[in-house]
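Just so it is clear, the values below take in all heavy atoms, side chains as well, and ignore hydrogens, waters and symmetry mates.
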Amino acid sequence: MSIGEGSTGATAGGEAPEEAPGRDFIRDIVAADLQAKRHAGVVTRFPPEPNGYLHIGHAKSIALNFGIAEEFGGRCHLRFDDTNPTREEQEYIDAIERDVRWLGFDWGRHLYYASDYFERLYEWAELLIKAGKAYVDDQSPDEMRIARGTLTEPGRNSPFRDRSVDENLELFRRMKAGEFPNGARVLRAKIDMASGNINLRDPVLYRILHAPHPRTGTAWSIYPSYDYAHGQSDAIEGITHSVCTLEFEDHRPLYDWFLENLPVPSRPRQYEFARLNLTYAVLSKRVLTQLVRDGHVNGWDDPRMPTLAGLRRRGVPPAALRDFVKRIGVAKANSVVDANVLDFSIREVLNKSALRRMAVLRPLKVVIENYPEGQSEELEAVNHPDDPGAGTRKIRFGRELFIEHEDFMENPPKKFFRLSPGNEVRLRYAYFITCREAVKNATGEVVELRCTYDPATKGGNAPDGRKVKATMHWVSAADSLPAEIRIYNPLFMSAAPDAGNFAADLNPQSLEVLANARVEPALATAKPEEPVQFERQGYFSLDPDSRPDRLVFNRTVGLRDTFAKVVGK
RNA sequence: UGGGGCGUAGCCAAGUGGUAAGGCAGCGGAUUUUGAUUCCGCCAUCCCCUGGUUCGAAUCCAGGCGCCCCAGCCA
């Protein structure tokens, strides 16, 4: 297999072209290695464990690994790290493949599983035993833990550490044959129980697990540990740069130990970078799994989830995620990225791609008193103000309309430019209207506005040159469609949620449902993952829950709102 | 006196001995039939601290301080 085949670029979705990626210390290392001809080409891999859904933190890793391969003309493998059948499931394998593809990356024919290498890994384990570098330990997990020592005290050698090669071999083969119950014995590397690096205190290579595996079924009753499987899998696949997160930094000596003590076909190197943290979010598979299992959210693809599936359902385009990870960089310092950066990337991409529509989230009825009853007319509206090629559409104007409730104030503060008694505003693409009266119900709430319009301002401009300070979106009462709109707020209330006690920090207002919204007729053909901007409101996309008679839209992200700051919310 | 990392603006992040990039956020202002977009301008005399080397240090040296990770038969 030649380097380079099977790796293609991040250009899904047809959004704005993405320019050259930035540099970072890992790309510098790759460039230097290639320069020094240490490798014929670069081969990376993205190695998820199929025990949960991918989240935005994984997007950083995916973009890094696939991005490097692409930029340096190499390839990136998708390899499932499926060494623990007690927590891995086919559903996750399928979801991960779907999400990586959606993000815009392609592993070509380089789809692998650590389980593909179980046989070879086993043979190599026997080699270590024969070389006196591994032994079967009969200690219980508790005994092992105690003998391992502590962070400041060295561990003690296991009483089984000096078994003969023959005995070790026999026992290991019997472990493989399924002769012992779970936990009865393990195979350990014989390294150094006094090492300051606890990973080197005779790490476990194999444990007995009588559990069916999604791929190998019941063929095995022993499974390799992450440490034993990872580096060798990399070597088998010819990975040149094995990129992982910081917490594996002190596993690197062990990673190297295996590669140096086994007849592996290549010599990969491990490099570590800081994982992504986002404000107001928790990026921990453990916590995300619990949110789903405990019903705090409606599944892995709940739009409030930081999962790729959740972001997709929310309407975030993959290009925005790619832009985001490029923006935040790659380094070794632990950091927490401001969620504003993500929102910025989403708006950046959506501003260019989303067609504009009008929708009224909280309708307030408006009656144009001087507009003839029973009459209506068509007006033309552009689909995208910066892209004439996006064309136009017709919208219907009539005597009865809906405007946004918050666009009217009976007693407006000085900086409020929108509708108020006696004030004139423009209805986008339509006419200037002036509020004559606010009709209230018994409890004093404004339930309807009586307005007049100026027929001479058709299209939105006054022949006499007079100006209005506000342009408002609206929808016709007769033609608009009812819709449910879901507004998402941060899942957690604090900027830095405590993953250890996240339940107490859940935001009860994370989902707001606006059940009585009205949207313009053109939205009847909206589709999920097809972004649309509701003018002056934000970016939205149809939720899969939507039905023809009951449109449901998710707010992906709101528009920047400097007025909200003026008001001082 | 365990081991491994990291400390540059509110948040990310370049910089690797020659006098602090860029982005987000924020703050001004221009344009605007989205209070959006776009466009201009401002925003670290200082790089965790203290010494030292040097003509010159965020960058080199010494000593501190702070934060993160590791004691799963998880990854």
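Judged as a salt bridge (Lys or Arg N to Asp or Glu O under 4.0 Å), and not counting sequence neighbours, the contacts of A:Arg536 are A:Asp407.
Ring centroid separation for the pair A:Phe172 and A:Tyr135 does not come in under the 6.0 Å cut-off. For A:Phe397 and A:Tyr431, the gap between ring centers is short of 6.0 Å.
Here the separation of B:A14 from B:C46, taken at their C1' atoms, is 16 Å to the nearest Å. As rounded to the nearest Å, B:A13 and B:C6 have P atoms that lie 13 Å from one another. Between the C1' atoms of B:C60 and B:G4, the separation comes to 24 Å (whole Å).
A:Lys332 forms no cation-pi arrangement with A:Phe273, by the criterion of a distance under 6.0 Å to the ring centre and an angle within 45° of the ring axis.
Atom pair A:Ile198:CD1 and B:A71:C1' shows a separation of 4 Å (rounding to whole Å applied). In this structure, the CG atom of A:Asp227 is 13 Å from the P atom of B:G72, given to the nearest Å. For the pair A:Arg201 CZ and B:C70 P, the interatomic distance rounds to 15 Å; values are reported in whole Å. Rounded to a whole Å, the CG atom of A:Asp82 is 15 Å from the P atom of B:C74. Distance A:Phe248 CZ to B:C6 P: 18 Å, rounded to the nearest Å. With rounding to whole Å, A:Asp338 atom CG is found 11 Å from B:G26 atom C1'. With rounding to whole Å, A:Asp234 atom CG is found 15 Å from B:A75 atom P. Atom-to-atom, CG of A:Asp250 to P of B:A71 comes out at 9 Å; the value is rounded to the nearest Å.
Mapping A:Tyr206 and A:Asp28 onto RNA chain B by nearest heavy atom places A:Asp28 at the nucleotide closer to the 5' end. Each of A:Phe25 and A:Arg428 has a nearest nucleotide on RNA chain B; the 5'-most of these lies closest to A:Phe25.
Of all nucleotides listed (B:G4, B:G26, B:C74), B:G4 comes nearest to the side chain of A:Glu249. Of the candidate nucleotides B:A25, B:C12, B:G5, B:C12 has the atom nearest to the side chain of A:Val336. In the set B:A13, B:G2, B:A75, the nucleotide with an atom closest to the side chain of A:Asn84 is B:A75. Side chain of A:Arg148, nearest nucleotide from B:U34, B:C69, B:A71: B:A71. Checking B:C24, B:C73, B:G2 against every side-chain atom of A:Thr152, the shortest atom distance belongs to B:G2. Listed nucleotides: B:A75, B:C12, B:G5. Nearest to the side chain of A:Ile328: B:C12. Closest to the side chain of A:Phe344, from the set B:A71, B:U34, B:A25, is B:A25. Which of B:C74, B:G35, B:C73 sits closest to the side chain of A:Thr562 comes down to B:G35. Comparing atom distances between the A:Met144 side chain and each of B:U37, B:C70, B:C73 picks out B:C73 as nearest. Comparing atom distances between the A:Leu559 side chain and each of B:A75, B:U37, B:U34 picks out B:U34 as nearest.
Residue-level contact check: A:Thr83 touches the backbone only, with heavy atoms under 4.0 Å from sugar-phosphate atoms and none from bases. Base engagement by A:Phe417 is indicated by at least one non-hydrogen atom pair under 4.0 Å involving a base atom. Across all strands, A:Val204 comes closer than 4.0 Å only to sugar-phosphate atoms, never to a base (heavy-atom distances).
Considering A:Arg163, A:Arg188, A:Arg161, A:Arg185 as possible partners of A:Asp137, the one that fulfils the side-chain hydrogen bond (donor to acceptor under 3.5 Å, both in side chains) test is A:Arg188.
Residue A:His473 places no side-chain atom within donor-acceptor reach of the base of B:A36, judged by atom type and a 3.5 Å distance cut-off alone. Judged by atom type and distance alone, A:Gln533 reaches the base of B:U34 through a side-chain donor-acceptor pair under 3.5 Å.
Residue A:Arg356 places no side-chain N or O under 4.0 Å from the OP1 or OP2 atom of B:U34. Residue A:Arg275 places no side-chain N or O under 4.0 Å from the OP1 or OP2 atom of B:C68. Phosphate contact (OP1/OP2 of B:C73, side-chain N/O of A:Arg185, threshold under 4.0 Å): absent. The shortest distance between the side-chain N/O atoms of A:Arg207 and the OP1/OP2 oxygens of B:A75 is below 4.0 Å. Not one side-chain nitrogen or oxygen of A:Lys467 sits closer than 4.0 Å to the OP1 or OP2 atom of B:U32.
Ion pairing of A:Asp234 with A:Arg79 is present here, as a side-chain N (NZ or NE/NH1/NH2) and a carboxylate O approach within less than 4.0 Å.
Side chain to side chain, A:Asn383 and A:Arg356 fail the donor-acceptor criterion of an N or O pair below 3.5 Å.
Remark: B:A62 base-pairs with B:U50; criterion is Watson-Crick or G-U wobble with both hydrogen-bond distances under 3.5 Å.
By the 5.5 Å and 30° criteria, A:Phe563 is stacked with the base of B:G35.
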